[in-house]
Amino acid sequence: MFFRFFLFLIGFGLTTIGSVYIICYLNLFSIGYNFFDYVNFIIRRVECLNTFIGIIIMILSLTIRGKDEKNELYL
């Protein structure tokens, strides 16, 4: 249970860090980037991919069932 909680916190941290970078890169619109250029730029940046990796880790930590847990609620 503590491992899944720790995994959730790691996922939450990665999501937060990646989201901050995505918000910071919104300034690219002010220098003439359009939406497709912005998305193309975001996809290629490693620090922005932390958002998606963090979301996947959080979903996995909430849905994967432990060995000794018999409850339907996985928290």
>> Please determine whether residues Phe5 and Ile64 belong to a single hydrophobic cluster, defined as Ile, Leu, Val, Met, Phe, Trp and Tyr linked transitively by side-chain heavy-atom distances below 4.5 Å.
In response: no
> Is there a path of hydrophobic side-chain contacts, each under 4.5 Å between heavy atoms of I, L, V, M, F, W or Y residues, that connects Leu7 with Leu14?
Replying inline: yes
> Given the rule that I, L, V, M, F, W and Y join up when any side-chain heavy atoms are under 4.5 Å apart, are Tyr21 and Tyr33 in one cluster?
Replying inline: yes
> Which value, rounded to the nearest 0.5 Å, describes the distance between Ile22 atom CD1 and Leu49 atom CG?
Replying inline: 8.5 Å
> Got a second to check how far Tyr25's OH is from Phe41's CZ, nearest 0.5 Å?
Replying inline: 5.0 Å
> With a 4.5 Å heavy-atom cut-off, do Leu26 and Tyr38 have their side chains touching?
Replying inline: yes
>> With rounding to the nearest 0.5 angstrom, report the CG to CZ distance, Leu9 to Phe2.
In response: 12.0 Å
>> Side-chain heavy atoms nearer than 4.5 Å, only ILVMFWY residues, links allowed to pass through others: does that put Val20 and Ile43 together?
In response: no
Please table the atom pairs, donor to acceptor, closer than 3.5 Å between any side-chain atom in residues 50-60 and protein atoms at least two apart or in another chain.
from	atom 1	to	atom 2	distance (Å)
Thr51	OG1	Gly18	O	3.3
Thr51	OG1	Ser19	N	3.1
Thr51	OG1	Cys48	O	3.4

> Is atom CZ of Phe6 surrounded by more than 12 heavy atoms (other residues, nucleotides or ligands) closer than 6.0 Å?
Replying inline: no
>> Please report the interatomic distance CZ(Arg45) to CG(Asn40), rounded to the nearest 0.5 Å.
In response: 12.0 Å
